[in-house]
Amino acid sequence: MSKTSLQPPRGTRDFYPDDYRQREWLFGHFRRVAHRFAFEEVDAPMVEHAELFTRKAGEEIVDQLYHFELHDRHLALRPEMTPSIARMVIARAGGLRMPLRWFTITQNWRYERMTRGRKREHFQWNMDIWGEPGVAAEAELVGALFEALDALGLARGDARLRVNSRALLEESLRRSVLRQRPEVFEPLCVVIDKIDKIGAEAVVELLVDPTGPVRLESAQARDVVDMLRITSLDDAARHLPDDSPALADLRRFFELLEAYDVRDRVVFDASVVRGLAYYTGIVFEAFDSAGTLRSICGGGRYDRLAQTLGARPIPAVGFGFGDMVIAELLSDKGLLPDLPRVVDDVLFPFGEAERPSAIRLARRLRERDHRVEIVLGNAKLKRVMADADRLGAARIWLLGPDEVSRGVAKVRDLASGEESEETL
RNA sequence: GUGGGCGUAGCUCAGUUGGUUAGAGCACCGGAUUGUGGUUCCGGGGGUCGGGGGUUCAAAUCCCCUCGUCCACCCCA
């Protein structure tokens, strides 16, 4: 019989106590910020019906599903949280007070090639607002994500947000390319998301490819690519009518960011479209200023997702913030803390005769929320002291035959060395 | 998917052109006589050198395959 492999499957991680403390430190910041913004935490199953995720716009994420069939059901591990949130919202849409603010911290799965900052499972903090069509929702989310970056200890200039609006693109294309075939907008976005990676020429090729999903004419494709180079709102305005709602939304969005005091950390960039098909309006992604890592987080407005899933339209906006890239960035900057184990009290019964007294004392301390470790086996005092020291325990309680017979225990403060007696 | 680096004790690594029973530091366990501490000193356990095959009198060392991991490219939340 072959030996069972002790390694976790490729692209997955074990969390030993040190790692887990670091992970909880990060999640704790996510959670505190979410609570400060009055978001409620929710969760959904890690396994969903595969069809919840299998959209047909050519997204890479669909090809990377961990999926399997079981008893004629096609199931998949969630690659992202948004569809599950959408499912939950839609299922109770009639009874939910909108706009609602929900957040999740979940493990997501994608079967993909690993690189720095990307494994096959990762945790993601999601913040979503459902039922609010205005850009106040986007601004609130961006405010929250910058608060998180600040809380984690990053300096103001360490990370920036790039913002665009798919609605801007859609409006300007509606008069030309999209007039006859509005359905190509989603695959078009998926293609132009690749521009940073494969270059403008390759994107044009994909857009005109007669066997592809978009099939633009050459001149149209070049117009689209040219628009992506725009880096100021005023330049973008020249492609649009004065009464463009998308442009007004973006301008208002930037105004609101001033009130959040983050306007200087956000730039307009027409090439940001995001790789997911369901975005419809403002999209954004945060990246480290040095530009050495992948995007830290990203999100945007996805007003048509509910319809796509067969429900009545509900406007929605959200972002996902992964645990891996931010950990790389914090680690590079020396901001990832080494967190020690925390134990308040170590209780040492010298022998089995004293153990019941130690147990009763432990119960009292635990009721007061102390973290209490009872020495479980036979040990020498010297050894127990050294262990308590290394644990970082605050106090050690010595319950010897002498003390217990007098109904007391000796308490030693390990930092000061002071000893006193406490009644048991 | 392509190219490269790495894989030796729990961890970080050393191991000279192939040559006895494979090493160090840290960690772990025990001891330095009586019921008191991260130091010190002494001792100990632990490795089929990632796995498989080959060359050789002899392989951690050379060759092939394979798995894992890291980096770059490629690709993408």
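Keep in mind it's a predicted model, so treat the numbers as computed, not measured. Within every chain, numbering begins at 1; the chains are lettered A, B, ... in the order of the sequence lines, protein sequences first and strands thereafter.
The CG-C1' distance, from L391(A) to rG37(B), rounds to 12 Å in whole Å. Atom pair Q64(A):CD and rC76(B):P shows a separation of 9 Å (rounding to whole Å applied). Straight-line distance from the CG atom of D387(A) to the C1' atom of rC28(B): 11 Å, rounded to whole Å. The nearest whole Å value for the distance from the CD atom in Q124(A) to the C1' atom in rC76(B) is 14 Å. Nucleotide rC70(B) holds its C1' atom 9 Å from the CE atom of M114(A), rounded to whole Å. The interatomic distance linking I396(A) (CD1) with rG37(B) (P) rounds to 11 Å, in whole Å. At whole-Å resolution of the value, CG in L293(A) and P in rA72(B) are 10 Å apart. The distance from atom CZ of R13(A) to atom C1' of rU69(B) is 15 Å, rounded to the nearest whole Å.
Counting only heavy atoms from C-beta on, K410(A) has its side chain closest to rG35(B) among rC76(B), rG35(B), rG37(B). Among the nucleotides rC70(B), rC76(B), rG35(B), the one closest to any side-chain atom of R118(A) is rC76(B). Side-chain proximity of T115(A) to rC74(B), rU36(B), rG35(B): nearest is rC74(B).
Each of S295(A) and R412(A) has a nearest nucleotide on RNA chain B; the 5'-most of these lies closest to R412(A).
Distance noted for atom C1' between rC41(B) and rG52(B): 46 Å (whole Å). Nucleotides rG23(B) and rC28(B), compared at atom P, are 23 Å apart to the nearest Å. Taking the C1' atoms as reference points, rU17(B) lies 38 Å from rG1(B), given to the whole Å. To the nearest whole angstrom, the two P atoms, one in rC29(B) and one in rC65(B), are 44 Å apart. Across the C1' atoms, rG25(B) and rU8(B) are found 15 Å apart, a figure rounded to whole Å. The separation of rU21(B) from rU12(B), taken at their P atoms, amounts to 28 Å, rounded to a whole angstrom. Taking the P atoms as reference points, rA24(B) lies 30 Å from rG5(B), given to the whole Å. Across rG50(B) and rC42(B), the matching C1' atoms stand 35 Å from one another, rounded to whole Å.
At the phosphate of rC29(B), OP1 or OP2 sits under 4.0 Å from a side-chain N or O atom of R383(A). In this structure, R390(A) reaches the rC28(B) phosphate: one of its side-chain N or O atoms is under 4.0 Å from OP1 or OP2.
Heavy atoms of R116(A) sit under 4.0 angstrom from primed sugar atoms or phosphate atoms, though from no base atom. Here G351(A) lies out of heavy-atom contact (under 4.0 Å) with every strand. If you check every strand for non-hydrogen atoms under 4.0 Å, R10(A) touches sugar and phosphate atoms only. L398(A) comes within contact range of at least one nucleobase, with a heavy-atom separation under 4.0 Å. Within 4.0 Å (heavy atoms only), K380(A) reaches sugar-phosphate atoms of the nucleic acid but no base atom. Nucleic acid contact class of D402(A) (heavy atoms, under 4.0 Å, all strands): base. Nucleic acid contact class of D413(A) (heavy atoms, under 4.0 Å, all strands): base.
Pair check for rU2(B) finds rA72(B); Watson-Crick or G-U wobble, both atom distances under 3.5 Å. Nucleotide rU56(B): unpaired (no Watson-Crick or G-U wobble partner with both distances less than 3.5 Å). The partner of rG25(B) is rC11(B), by the rule that a Watson-Crick or G-U pair needs both atom distances under 3.5 Å. Pair check for rG47(B) finds none; no Watson-Crick or G-U wobble contact set falls under 3.5 Å.
Taking a 6.0 Å sphere around OH of Y111(A), one finds it holds 12 or fewer heavy atoms contributed by other residues, nucleotides or ligands.
For F39(A) and F103(A), the ring centers are positioned 6.0 Å apart or more. Aromatic pair F321(A)/F30(A): centroids less than 6.0 angstrom apart. For Y302(A) and W130(A), the ring centers sit closer than 6.0 Å to each other. Not less than 6.0 angstrom separates the ring centroid of H49(A) from the ring centroid of H74(A).
Evaluation of atom-type donor-acceptor distances gives a pair under 3.5 Å for the side chain of R113(A) against the base of rC74(B).
Just one of I326(A), L336(A), I105(A) meets the side-chain contact (heavy atoms from CB on, under 4.5 Å) condition when paired with L26(A); it is I326(A).
No donor-acceptor pair closer than 3.5 Å links the side chain of S165(A) to the backbone N or O of A246(A). Remark: the backbone N or O of V272(A) is paired with a side-chain donor or acceptor of N164(A) at under 3.5 angstrom. Looking at H370(A), its side chain never comes within 3.5 Å of a backbone N or O of R366(A) through a donor-acceptor pair.
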Verify salt bridge (charged side-chain N to carboxylate O under 4.0 Å, His left out) between D345(A) and R363(A), making sure each step is shown before the conclusion. CA-CA 12 Å; D345(A) 301 278; R363(A) 286 169 56 206; over 6 Å; no
After noting the C-alpha distance and the side-chain angles of R101(A) and E40(A), does the key distance pass the salt bridge (charged side-chain N to carboxylate O under 4.0 Å, His left out) rule? CA-CA 6 Å; R101(A) 339 173 136 224; E40(A) 296 178 279; over 6 Å; no
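Between D43(A) and R78(A), at least one side-chain nitrogen of the basic residue sits less than 4.0 Å from a carboxylate oxygen of the acidic one, meeting the salt-bridge criterion.
A heavy-atom distance below 4.0 Å to RNA chain B is reached by none of the residues of residues 321-337 of chain A. Residues from residues 416-424 of chain A lying near RNA chain B, meaning a heavy-atom separation below 4.0 Å, are G417(A), E419(A) in numerical order.
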